[in-house]
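This report concerns only the one structure given below.
First listed ligand is number 1; within each ligand, the first listed atom is number 1. Please read these numbers as outputs of a predicted model, since none were measured by experiment. Positions are given from 1 along the sequence.
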Amino acid sequence: MNIHKNMNNQELTRLLRAVEAAYRVKGESPFRIRAYDNAADSVEHATRELKDLWEEGRLQDIPGVGANIASHLEELYETGDVKHFRRAFKNLPEAMFELLEVPGIGPKTSYKLTKTLGITKSRSAVKRVKQAALKGKIRKIEGFGEESENQIIKGIEEFERRENRMLLPTATQLAEEFIAYMTKEKAVLRIDPLGSLRRRTATIGDVDVAVATRNAGKVIDHFKKFPQAKRILAAGENTARLIHRSGRQIDIKTQIPKRYGALLQHFTGSKNHNIHLREVALEKGRSLSEHGIKVGKITQEYSDEEKFYNALGMDWIPPELREDTGEIEAAIHHALPKLVSPNQIRGDLHIHTNYPWQSSHDMGTHSMKEMIEKANELGYDYVGVSDHNPSTSAHKTQQLISEVKKRTEFLEQIKYSLEKKSEKRIIKVLNSLEVDILADGKLALPDEALKMLDYAVVSVHSSMRMSNARMTQRLLKGLSHPKAKILGHPTGRLLSKREGYEADWERVFKFVKAKNKFVEINAWSSRLDLPDTLVRIAIDIGVKLVINTDSHAVSHMDLMHYGVDAARRGWASPKDIINTLPFEKLKEMLLETT
Ligand code: DGT
Ligand code: CA
Ligand code: CA
Ligand code: ZN
C-alpha cells in the first residue's frame, strides 16, 4: 500500500478499507473490523479533506473516526507513515488490495486468488485474474466453481466500465470552495455550476463552472492562482481547467453578461438534451451555440436562460430534467411538472440512533434525543426513529419482542419529556424500525413486535444475489405485512461499489400502489436509491414516495436535499412525496393498516 503525507480522502478511504481487509483475512476481532469499516465510510462521505480537518485539530469531528484511528491519522500526517497499518499489511500480497476494487471480490476471495494464482504486482492484478477466469482456471481452485468464476468476470467487466466519478456532495463542496475563491475577483459578475453538477446527477465526472465577466483575462489570471490547484491543465482566453489537489478536475468557461444565458444553456447539457434542442431550432431555421441563437447571419443574445428557451417556443426547463426524456416536448406544451423543493419537506421517516441493543446492522452515533432535537431544529413537523431491528441471531423470539417493548417504552418517555418542554414547538415522534426482509421474504421480527411500531421501514440487507423473479417475490412478501409501510433503499445499489439487485420494479410498484405502501428515495449520497430513472417509473404508475436521509449521525440529517435532487430528476411534484404532507394527513396514510 502506498502510504504518504498528502493522501486525499479518496486515497485515505482505500487505505482504511485495506486495513479492514487485512484484519478480515487475519481474523481480527469484529469490533476492530467494524471500526475501520465505519471510518472508511465516514471518510468517503466527508465533504472536506481530512488533512484540512487535521490541520484545524478537528479530526474527530467526522462521526465514525474514533480516538484510536484519529491517532493513526495524526501519525500519517505528521510522519507520512503509520506503523500500525504496516503491521496489519505484513505478509499479505500487495496485489490483494487492488482486487478489492472489483465488485463482488471481498478480502478473503481476494487473498485466495492472489495467493493461488501467484499474483504479486498490484498494477496487473485485475488483468491477470480476468485472464485466469476467461481460461477457466478459477473454477478449478478449491472453493470456487463455474458460477463464482462467471461472477468474477462480471465484476471485473463492471470495474472496467466504471469511471472515477465523485459522489454529488463531494462535487458540491468542491464547487462551493472554488466558487467562494473565484468570487473574490471583482471581475466575476456571476458564477454558476454547469454540466452534471447543475443537473444534480448522482455522480459527477468533473466540476464545470460558468463565469459572467467583462474582463475574462482577469478571471483566468485569478483562476490560475487558485491555491488548492495541484496543476493548471490549460488556460485560454475564455476557458481554463485545473486539477484540484483532491485529484478532481475543475473547468471554467467565461462569457460576457449579455450572452451569459446562452453559455449556461450550452454547457449545462446534457449532450442528448442539447442535440434534441438543436433539432427543434433547426426546424425553425436557427442554430444554437454558447453565444446565442443564430438566425441567418445574426446572433441573438440572451443574458438569461429563460429567454433563450422562450425564444425556441418553449418554457424554461429545470436543469434536473435536461436528459432528453420528454422534457422538451413537455416544455413546448407548457406541461412540465412543478418539481418538489427542499423547503417543502416536513419530516424524516428513516433515521438511526445509538439506542443500546444488539443491532442487526450498524447503529447511529447519536442518541434518540439528539436526533429528535436536530429534527426539531430543522423545523420538521415529524420524525420517525427507525433503528435496525435487534439481531435475530443474538435473540430468541421472546427476546426480540421484549427488546422492542423496552425500546418502545424508552421512546415514549422521550416523547413525554419533549412535550413537557412547552416553550418549544412540539415535533411528532413516530416509533419505527428498519426491519430486514430476510432471504425468504419474511420480516426479521415477529408480529407481536411489529405490532408495537407505528410503521416499519422494510429493507434488504443480505442475500442480494438472487434471480429477478425470486427477488421480486421476496420484496412483495416483505411488503405484505400490514406494518411494512416503506420499502427502504429499494435497489440496494451502492454508487461506485455495487449495482442494485434486479427485480420486476413495475410489479413491485403496482403492488405498493394497490396496498397503499410507499417507496423510499434514500438520500444517503452513495445510495440515492430509488435511482432517478426508477423514480420516474414509480410516479408514472402512481406510487407515492418518501424522501428519507437514513441518517446515522446528527449531521447526516442535513443531507435531505440530495434526496430531493433525485426526486426532481425523476419528475416528482410535492403531491408524489408523502413527507411534504402535514402530520395529520401523513398519519392517515402511514398509520392506516389495511
Ligand atoms: P460529467 O462531467 O461526466 O459528470 O458530465 P457533464 O454532463 O458535466 O459533461 P462534461 O463535463 O463533459 O460537459 C459539460 C456539459 O457541456 C455537457 O453536459 C454537455 C455540454 N456541452 C456542449 N457542447 C460541448 C462541447 O463541445 N464539449 C463538451 N465537453 N461539452 C459540451
Ligand atoms: Ca462535468
Ligand atoms: Ca468538463
Ligand atoms: Zn438499511
Counting heavy atoms not belonging to Arg498, are there more than 12 under 6.0 Å from its CZ?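 Atom CZ in Arg498 is crowded, with more than 12 foreign heavy atoms closer than 6.0 Å.
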Count the heavy atoms of every other residue, nucleotide or ligand shown that sit under 6.0 Å from CD of Gln399, and state whether that count exceeds 12.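 More than 12 heavy atoms, drawn from other residues, nucleotides or ligands, come within 6.0 Å of this atom.
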Answer yes or no for His361: is there an N/O/S atom below the 2.8 Å cut-off from the Zn ion (ligand 4)?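 Under 2.8 Å: His361 has no N, O or S contact with the Zn ion (ligand 4).
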Opening angle between NE2 in His461 and OE2 in Glu434, taken at the Zn ion (ligand 4), to 10 degrees: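 The two atoms form an angle at the metal of about 90°.
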Have a look at Asp251 and say which of its N, O or S atoms is nearest the Ca ion (ligand 3).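 Of all N, O or S atoms belonging to Asp251, OD2 is the one nearest the Ca ion (ligand 3).
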Strictly under 6.0 Å, is that where the ring centroids of His552 and His361 end up?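 Not close enough - the centres of the two rings lie 6.0 Å or further apart.
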Check: Arg507 side chain, Thr472 main-chain N or O, donor-acceptor pair, under 3.5 Å: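 It does not hold such a pair.
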Check whether any N, O or S atom of Asp208, backbone or side chain, sits closer than 3.0 Å to the Ca ion (ligand 2).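 Yes, Asp208 qualifies, because one of its backbone or side-chain N, O or S atoms lies under 3.0 Å.
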When you check the gap from the basic side-chain N to the acidic O, do Arg200 and Asp532 get nearer than 4.0 Å?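 Result for this pair is no, no salt bridge flagged.
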In Asp206, what N, O or S atom is nearest to the Ca ion (ligand 2), if we give its atom name?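 Checking each N, O and S atom of Asp206, the shortest distance to the Ca ion (ligand 2) belongs to OD1.
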